[in-house]
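Encoded as structure tokens, the structure appears first; notes follow it.
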Amino acid sequence: MTNISDDHVKVHFRMDIDEDGWPPASVESLWAVDLGDGTVRLDNTPWFVRGVASGDIIQAELDGDGVLWAGKTVQPSQNCTIRLIVLKENGSAAARQSVLEVFHRLGTTGEGIEQYRMVALDAANPQALGTR
């Protein structure tokens, strides 16, 4: 993600929780750049929202409480979101970091989250790693 600036907003995505309780929340909020025309460009990698990636342009609408909610994707980016559960060393910080380093050499960026032993990766060239 780039540095947060005045044109950044939080856009909220509703998610359905499955019978196994996944994802662990019904809403995820992502940083986005407000394009000023009712759309936003996502500016960070989603942890749980499916079907979107950093760089996608999304319709967004404010509700009565001033919360910005995501709508349909207007223009997908060429980015791909990849999520991994790290099992090595029970998903320790060192294990998550080693996964990030391996994928960084392949051209991805990403970050880890301790609570779920996960890494979320943003691949700018999905053809190098598979399809979206």
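Just so it is clear, the values below take in all heavy atoms, side chains as well, and ignore hydrogens, waters and symmetry mates.
With sequence neighbours excluded, no residue forms a side chain to side chain donor-acceptor pair (under 3.5 Å) with W22. D18 pairs by the side chain to side chain donor-acceptor pair (under 3.5 Å) definition with nothing, not counting sequence neighbours. Evaluation of the side chain to side chain donor-acceptor pair (under 3.5 Å) rule for R41 yields no partner, not counting sequence neighbours. Remark: T39 pairs with D37 by the side chain to side chain donor-acceptor pair (under 3.5 Å) rule, at least two apart or across chains. Take R96 and apply the side-chain contact (heavy atoms from CB on, under 4.5 Å) test, not counting sequence neighbours, and it matches V86, A93, E114, V119. Applying the side-chain contact (heavy atoms from CB on, under 4.5 Å) criterion to I113, with sequence neighbours excluded, gives W47, Y116, M118. Applying the side-chain contact (heavy atoms from CB on, under 4.5 Å) criterion to P23, with sequence neighbours excluded, gives M15, F48. Every side-chain contact (heavy atoms from CB on, under 4.5 Å) that S92 has, sequence neighbours left out, goes to E89, A94, A95.
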Step-by-step side-chain contact (heavy atoms from CB on, under 4.5 Å) determination, V52 to T73
CA-CA 8 Å; V52 297; T73 300; 4.0 Å; yes
In sequence, state the C-alpha distance, the side-chain angles, and the governing distance for D43 and H8, and then conclude on side chain to side chain donor-acceptor pair (under 3.5 Å).
CA-CA 8 Å; D43 200 26; H8 278 83; 2.6 Å; yes
Please evaluate residues K10 and L68 with respect to the criterion side-chain contact (heavy atoms from CB on, under 4.5 Å), reporting the C-alpha separation (whole Å), side-chain torsions for both, the decisive distance (0.1 Å), and the verdict.
CA-CA 7 Å; K10 280 286 193 168; L68 190 61; over 6 Å; no
Would you please test I58 and V74 for side-chain contact (heavy atoms from CB on, under 4.5 Å) and show each step?
CA-CA 5 Å; I58 308 288; V74 174; over 6 Å; no
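Using a 4.5 Å heavy-atom cutoff, the side chains of P24 and Q115 are not in contact. Within the 4.5 Å cutoff, the side chain of L35 has heavy atoms near those of the I57 side chain.
Of all heavy-atom pairs spanning H12 and S29, the tightest one is CD2-CB, 3.5 Å. Scanning both residues, A32 and V11, for their nearest heavy atoms gives CB-CG1, 4.0 Å. Nearest heavy atom pair, residue P46 against residue S54, reads CD-N, 4.4 Å.
Distance OG1/T108 to CG/L100: 7.5 Å, rounded to 0.5 Å. Put simply, CG on L121 and CG on L106 are 9.5 Å apart, with the number rounded to the nearest 0.5 Å. Atom CG of D56 is separated from atom OG of S77 by 4.0 Å, given to the nearest 0.5 angstrom.
More than 12 non-hydrogen atoms from other residues, nucleotides or ligands lie less than 6.0 angstrom from CD of Q97.
Not one N or O on the side chain of D122 forms a donor-acceptor pair closer than 3.5 Å with the backbone of G110.
Through chains of ILVMFWY side-chain contacts below 4.5 Å, W69 is grouped with V27, V67.
A continuous path of Ile, Leu, Val, Met, Phe, Trp and Tyr side chains, each step under 4.5 Å between heavy atoms, connects I85 with V49, placing both in one hydrophobic cluster.
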